[in-house]
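To start, the structure itself, in structure tokens.
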Amino acid sequence: MERTNRVADHVVLGPAPEVEEVCIYLDGKPIPAKKGEPVMSALVAAGVTVFRHTAKGSPRRMFCGIGRCTDCVMKVDGVPGVRTCVTRVRDGMRVERQEGKGSWAEEAADGKA
Amino acid sequence: MEKHKPVVVVGAGPAGLCAAIELKKAGAPVILLDENDKPGGQLFKQIHKFFGSREHKAGTRGFTIGTSLLDESLKLGIDVRLETEVVGVDPGLRVWAVRQRASSELIEASRLILATGATENALSFPGWTLPGVMTAGCAQTLINVYRVLPGKRVLIIGSGNVGVIVGYQLMQSGAEVVGIVEALPSLGGYGVHTAKLARAGVPFYTGTTVVRAEGVESLERATIAQVDGSFKPIASTERTLDVDTICLAVGLTPSLELSSLAGCRTIYVPELGGRMPLHDEYMRSSVQEVYVVGDTAGVEEASTAMEEGRLAGVHAAWSLGYMSDDDMKERVDETKQRLNALRQGVFGQKRFNAKARIIQESQLR
Amino acid sequence: MSATERYLKTKGAPSLAELEAVGMLPKLEDLARGACLCIECVEEIPCNPCETSCPNGAIKVGDPITNLPVIDREKCTACGLCIPSCPGLAITMKRVQGDRATIRFPWEYVPVPVVGDEVEMVDRLGNVVCPGKVIGVNAAARNDRTLVVGAEFAAEHVLSVISMKRKRS
Ligand SMILES: Cc1cc2nc3c(=O)[nH]c(=O)nc-3n(C[C@H](O)[C@H](O)[C@H](O)COP(=O)(O)OP(=O)(O)OC[C@H]3O[C@@H](n4cnc5c(N)ncnc54)[C@H](O)[C@@H]3O)c2cc1C
Ligand code: SF4
Ligand code: SF4
Ligand code: FES
């Protein structure tokens with residue numbers, strides 16, 4: 001993946017540790033993630049700037065990063081309204097940008113099955 | 001019998017960890033609960049060296065302090081339950097905890113120590129909901145815990161220690177800080193912290209506020225302007241900065257949910273973050289079996305949070321008969337001396353006075 | 001000390017006059033005599049690692065812990081141990097020899113500088129003052145990840161130089 005916002009080297013934290021990589025899917029597109037990190041950080045690392053749109057269509061990403069504000073909610077494995085800043089990635093996890101409150105229905109959108 | 005029920009400590013930040021350590025050392029049964037999957041509270045985000053004296057582990061980085069407190073709690077065999085959120089407390093000291101958002105349990109406590117920390121304040125202005133606007137703590141978590149950079153060009157709102165520390169740490173992770181905005185006429189943070197950013201060329205804008213944030217799908221620009229005597233932006237002084245991130249560092253407010261459920265009386269103390277539970281000199285709230293420590297009892301620092309935790313731990317252990325009067329007195333006096341030392345100087349005196357007011361008020365009622 | 005405090009509390013760093021007012025600007029004769037420790041910590045904050053890190057008792061904060069640190073130049077051996085101990089990164093060591101000056105300062109950014117690097121020396125507000133050259137990088141474990149970088153530059157800038165410019169990655 002050419003575009004990454006991961007911090008490779010750091011005087012205090014040292015070089016980035018080797019962490020097992022897993023793959024999650026954002027609206028069907030594969031995104032590399034580090035085992036154990038929250039969905040939020042995998043998306044930020046991949047340069048994703050919009051996590052969802054409100055019912056009125058305004059874009060949102062994360063705000064508090066610790067599970068308090070619900071700005072970062074997305075549809076995760078079919079469940080809408082999941083706070084991605086406190087939800088760990090899992091290999092094969094399906095993450096979708098939701099519109100408004102989202103729906104439980106399987107959205108066979110984006111041209112994929 | 002009361003003595004055999006556990007003391008329940010909610011929140012495994014510096015305050016809660018220190019309280020639990022004191023209780024366990026005294027031989028009291030203790031359970032420490034935290035909603036996160038790792039204890040330490042704010043400490044693991046703090047990669048800078050702390051101020052204070054040797055007893056406060058000054059000169060040691062926050063996360064190192066966190067690790068050593070954890071090691072100590074592990075060595076003592078404290079019952080730490082992680083991914084456990086406390087959602088309710090009743091006046092009979094029954095604590096309702098939910099584990100991994102799935103199973104729930106009711107714990108009957110002999111004493112309750114609330115160390116739930118504080119929540120970052122938000123600030124609303126046109127465009128503040130745009131992707132790219134976030135709290136300073138959010139950015140700090142991303143860079144220091146997960147090691148991802150939320151943006152490349154950052155504007156920071158608020159020049160207190162949190163704002164300047166996070167600004168410095170964003171640069172350490174490779175971002176540019178294009179400015180720090182402060183509505184007041186003078187900077188809030190320690191001069192030695194602001195000097196680190198100044199020498200890196202970061203401009204400070206005092207008497208200035210953020211007017212609006214703009215961008216199509218995410219933040220692209222921020223407009224700032226000087227404020228007049230009533231903190232209203234002066235249109236003719238507007239200037240626009242290209243930024244992809246705004247970090248809000250506009251203060252913290254004590255988390256009050258559990259202490260209000262427990263029926264603790266509150267007091268308004270703006271110097272320490274707003275409304276907070278009243279407490280006496282031993283950190284006991286208006287409900288005698290409930291203690292409040294750390295940021296939830298008035299926003300200060302990790303060093304003071306640790307001492308307050310110790311104070312409550314010692315006093316709770318004594319009140320249950322796990323410590324002699326003399327031992328308790330001695331420990332309390334030592335701890336108070338260290339707390340007083342931390343609340344001196346131009347920055348500390350205000351907090352010292354505020355704390356004295358809280359304690360005085362608690363005696364009146 | 002309202003008038004002198006203004007620079008620190010509006011621009012973020014003290015001016016030379018503000019340093020002078022609290023006796024924290026080294027004298028030129030001290031700088032010429034040998035390596036000269038400089039502390040720029042002008043506010044009363046509860047902090048004393050500088051004092052406890054010095055093996056020779058050359059820095060005094062004392063009681064209360066909010067006192068400003070005071071250097072005893074007679075006792076200081078210029079070992080530099082206190083430089084990385086300061087959480088405020090407020091301690092440097094300067095020296096003037098002829099028309100060249102050297103500085104040792106704390107550093108916590110990547111890329112880690114390397115001896116021989118041509119760098120730009122900056123003043124307290126980040127303005128580039130003059131070119132410089134890295135002559136030493138100390139990353140001892142006891143520094144707990146704060147590097148101590150040595151650099152040399154033209155002596156006339158010895159009072160204004162405080163650090164070097166960060167390289168953009
Ligand atoms: C950027 C920044 C820089 C700082 N720098 C310094 C510094 O240099 N020196 C210094 O001394 N201090 C510093 N601090 C302050 C310090 O981090 C805090 O004051 C300190 O962490 C407060 O400790 P605490 O134990 O009260 O709360 P916290 O550390 O916030 O811990 C509270 C814990 O309780 C948990 N919790 C809350 N509610 C519940 C619930 N209902 N159920 C279960 N768990 C719950 C939380 O998840 C958290 O883990 C800094 C803070 C910030 C943000
Ligand atoms: S340079 Fe060495 S001797 Fe001098 S004050 Fe610092 S630690 Fe002490
Ligand atoms: S260690 Fe640094 S910040 Fe602390 S008192 Fe000494 S010089 Fe000042
Ligand atoms: S960013 Fe606030 S809940 Fe996730």
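Heavy atoms only: backbone and side chains are in, while hydrogens, waters and symmetry mates are out. Order of the sequence lines sets the chain letters (A, B, ...), proteins ahead of strands, with each chain counted from 1.
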Distance from [X] atom [atom1] to [Y] atom [atom2], nearest 0.5 Å?
X: B/Y146; Y: A/R6; atom1: OH; atom2: CZ; answer: 12.0 Å
X: B/E120; Y: A/R68; atom1: CD; atom2: CZ; answer: 10.0 Å
X: B/T135; Y: A/D71; atom1: OG1; atom2: CG; answer: 10.0 Å

Let me know if B/D37 has heavy atoms under 4.5 Å from chain A in its side chain, its backbone, both or neither.
side chain
Chain A heavy atoms under 4.5 Å from B/Q140: which part of the residue, side chain, backbone, both or neither?
neither
Distance-only polar pair, side chains of B/Q169 and A/H10, donor-acceptor under 3.5 Å
no
Which of the residues B/T141, B/V133, B/L130, B/L149 is involved in the greatest number of heavy-atom pairs with chain A at under 4.5 angstrom?
B/L149
So which of B/A136, B/G137, B/P150 has the largest heavy-atom pair count under 4.5 angstrom toward chain A?
B/P150
Using non-hydrogen atoms and a 4.5 Å limit, figure out which bit of [X] sits close to chain B: side chain, backbone, both or neither.
X: A/R60; value: both
X: A/L13; value: both
X: A/A8; value: backbone
X: A/V19; value: neither

Under 3.5 Å, side chain of B/R147 to main-chain N/O of A/V7, donor-acceptor pair present?
yes
Under a 4.5 Å heavy-atom cutoff, which of A/C85, A/C69, A/S41, A/S58 has the most pairs with chain B?
A/S41
Stepwise side chain to side chain contact (heavy atoms under 4.5 Å, CB included) test for B/V148 and A/K34:
CA-CA 11 Å; B/V148 297; A/K34 304 274 185 196; over 6 Å; no
Stepwise, does the side chain to side chain contact (heavy atoms under 4.5 Å, CB included) test hold for B/V145 with A/E37?
CA-CA 9 Å; B/V145 181; A/E37 73 177 341; over 6 Å; no
